[in-house]
Amino acid sequence: MKVYLTDMEGKEHELEATEDWTLMEIIREGGVPILAQCGGSCACATCHVYVDPAWKSKLPEPNEEEVGMLDGAFDVTPDSRLACQIVFTKDLDGLRVKLATGSV
Amino acid sequence: MTEPQETYQTDAVIIGAGPTGLFSVFELGLNDIKCAVVDILDKPGGQCGELYPEKPIYDIPAVPMCTGAELTERLLEQIKPFAPTFHLGQMAESLIKLPEGKWRLTTDTGAVIESRLVVIAAGGGSFTPKRPPIKDIEQYEGKSVFYSVRKKDKFRGKNIVIAGGGDSALDWALNLQSIAKRITLVHRRDEFRAAPDSVGKMRALVAEGKMDLKIANFAEVKGEQGQVRSVTLVDDAKNAVDIPCDAILAFYGLTMKLGPVANFGIALQDNLIPVNTADFETSVPTVFAVGDINTYPGKMKLILSGFHEAALMAKKAFTYIHPDRRYRFQYTTSSSDIKGKLGVDKNVTQDHK
């Protein structure tokens with residue numbers, strides 16, 4: 001399974017995805033630098049990504065904690081998510097995301 | 001930097017009051033090494049206190065669950081017998097070696113601490129305010145763009161834009177309301193994670209027309225020579241609006257940056273400090289690095305790794321501070337020497353066995 005990640009320079013990376021891992025872990029394991037300072041506990045907003053609008057409907061809605069934590073991110077849009085809160089499932093094979101401000 | 005204050009003398013200065021820094025006080029204390037602890041935050045706890053005080057931690061040995069705040073409280077209780085001095089709310093800014101072999105650490109508030117040993121337990125680095133990614137914002141910082149309020153009076157009679165949706169933003173919006181000319185609160189959504197009482201007060205002021213609330217993101221700052229004149233806000237529908245202002249207060253929380261430690265003359269590798277795993281000493285003798293900030297083959301960034309590292313670090317530290325004494329390996333359960341240091345009742349401990 002794959003994730004297609006666009007970095008801050010606009011370069012696309014094809015990442016190997018593992019079921020049940022978070023998107024943050026998949027990005028980190030794929031060798032693309034991502035701050036993720038709190039290590040995935042939804043406490044810092046430094047794994048901010050933009051999910052391709054075409055994929056948004058496949059993702060569960062962010063919970064209140066994640067939406068709240070996005071208050072500490074910049075350039076937040078309706079496509080903003082925290083990568084540590086997206087758990088990868090088979091349905092997400094081919095997911096397209098973009099690293100957002102404050103994550104590198 | 002402000003004027004130098006008095007100079008503190010100690011055996012070891014610990015940079016970072018997170019769990020590893022606090023437990024270092026304990027391990028060093030058992031080895032008769034006195035400590036001073038410096039932290040940029042105004043309270044001990046490090047990431048545990050700042051990022052996840054309420055979040056449960058499940059991998060502290062023999063503690064099935066505790067929160068970051070509880071872990072900090074328990075560590076503070078555990079190190080109490082060793083009475084470390086805390087230098088909080090200040091950043092370790094420079095470290096120089098004195099001719100007699102001591103270290104002199106100066107903080108950004110001017111405190112000077114002299115010690116034989118330095119223990120860097122700085123985790124992910126210094127917590128510093130997140131800066132909005134706005135072009136040229138640096139030129140306004142400290143002049144008309146601020147991330148904290150040091151002197152309220154500076155804001156008297158000003159048009160202030162306050163950004164953020166948490167307690168800091170709300171508290172200062174309410175606090176400065178009476179002295180500011182006009183306050184515009186800017187937040188990305190019409191929900192606030194601040195105390196409900198503060199949110200209620202803010203909404204009332206907005207309803208009365210005494211405060212402005214804009215649901216938008218910062219896009220641009222305009223001004224000259226460090227003085228802002230206006231900010232451009234853009235909402236989700238991409239509508240832009242210019243708000244004239246004299247000062248901006250931005251409260252987006254904190255992020256970690258390695259900071260001045262990078263200039264201490266210690267070898268670094270990818271912003272981490274390489275150490276050897278026998279004693280956690282850095283490339284510079286008498287300077288140690290423990291916890292998340294160090295790196296070595298097999299390193300795992302766990303609190304329990306930091307605890308283990310602190311114990312081995314303290315053993316080596318003993319040889320520097322007490323070169324005339326033989327290192328004595330002792331168990332806290334049986335050593336009357338240690339019980340004396342901890343001030344615990346011998347009988348109680350024996351019953352416990």
Side-chain angles (χ1 to χ4, degrees), chain A residues 6-10 21-22 24-25 27-53 56 61-85 87 98-104, chain B residues 46-58 67-68 123-125 127-134 137 163-170 186-194 215-219 234-238 250-258 270-271 292 300-303:
Chain A
T6 306
D7 66 22
M8 295 300 281
E9 277 76 47
W21 283 39
T22 68
M24 183 276 281
E25 292 169 316
I27 295 170
R28 207 169 51 184
E29 184 76 6
V32 181
I34 180 163
L35 270 180
Q37 285 185 333
C38 77
S41 54
C42 195
C44 73
T46 59
C47 65
H48 178 198
V49 294
Y50 300 123
V51 173
D52 186 310
K56 270 173 70 182
E61 286 291 306
N63 62 23
E64 202 182 314
E65 193 181 16
E66 181 183 347
V67 174
M69 197 40 66
L70 278 165
D71 286 352
F74 295 111
D75 300 333
V76 176
T77 74
D79 303 330
S80 289
R81 293 294 306 263
L82 294 181
C84 74
Q85 298 303 302
V87 177
K98 212 174 143 190
L99 277 182
T101 315
S103 297
V104 289
Chain B
Q47 286 186 51
C48 281
E50 185 60 34
L51 292 185
Y52 40 86
E54 304 306 329
K55 298 220 167 172
I57 305 170
Y58 299 101
T67 64
F127 276 100
T128 50
K130 286 183 185 168
R131 325 159 81 170
I134 293 171
I137 194 148
D167 280 312
S168 300
L170 271 286
V186 178
H187 185 41
R188 69 176 190 90
R189 59 189 181 122
D190 200 10
E191 273 171 72
F192 295 82
R193 287 192 307 154
I215 306 304
N217 282 310
F218 266 151
V234 177
D235 66 17
D236 278 349
K238 305 276 179 222
F251 298 108
Y252 288 97
L254 302 175
T255 188
M256 291 175 278
K257 295 240 161 67
L258 183 58
D270 298 328
N271 274 341
D292 282 2
M300 287 177 86
K301 284 191 184 185
L302 294 174
I303 292 169

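Every chain is numbered from 1 and lettered A, B, ... according to where its sequence line falls, protein lines coming before strand lines. Computed from a prediction, not measured in an experiment: that's the story for all the values here.
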Inter-chain donor/acceptor N,O pairs below 3.5 Å: chain A to chain B:
from, atom 1, to, atom 2, distance (Å)
A/Gln37, OE1, B/Thr255, OG1, 3.0
A/Gln37, OE1, B/Met256, N, 3.1
A/Gln37, NE2, B/Thr255, OG1, 3.3
A/Gln37, NE2, B/Met256, O, 2.9
A/Ser41, O, B/Lys55, NZ, 2.2
A/Cys42, O, B/Lys55, NZ, 3.2
A/Cys44, O, B/Lys130, NZ, 2.7
A/Glu65, OE2, B/Lys55, NZ, 2.8
A/Val67, O, B/Arg188, NH2, 2.6
A/Gly68, O, B/Arg193, NE, 3.0
A/Gly68, O, B/Arg193, NH2, 3.3
A/Leu70, O, B/Arg188, NE, 3.4
A/Asp71, OD1, B/Arg188, NE, 2.9
A/Asp71, OD1, B/Arg188, NH2, 3.3
A/Asp71, OD1, B/Arg189, NE, 2.9
A/Asp71, OD2, B/His187, NE2, 3.3
A/Asp71, OD2, B/Arg189, NE, 3.4
A/Asp71, OD2, B/Arg189, NH2, 3.0
A/Gly72, O, B/Lys130, NZ, 2.7
A/Val76, O, B/Asn217, ND2, 3.0

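Among A/Gly72, A/Gly68, A/Pro78, the residue making the largest number of heavy-atom pairs under 4.5 Å with chain B is A/Gly68. Contact count versus chain A (heavy atoms, under 4.5 Å) is highest, among B/Gly124, B/Pro132, B/Gly253, B/Gly165, for B/Pro132.
The two atoms that bring B/Leu51 and A/Cys38 nearest to each other are CD1-CB, 3.8 Å, heavy atoms only.
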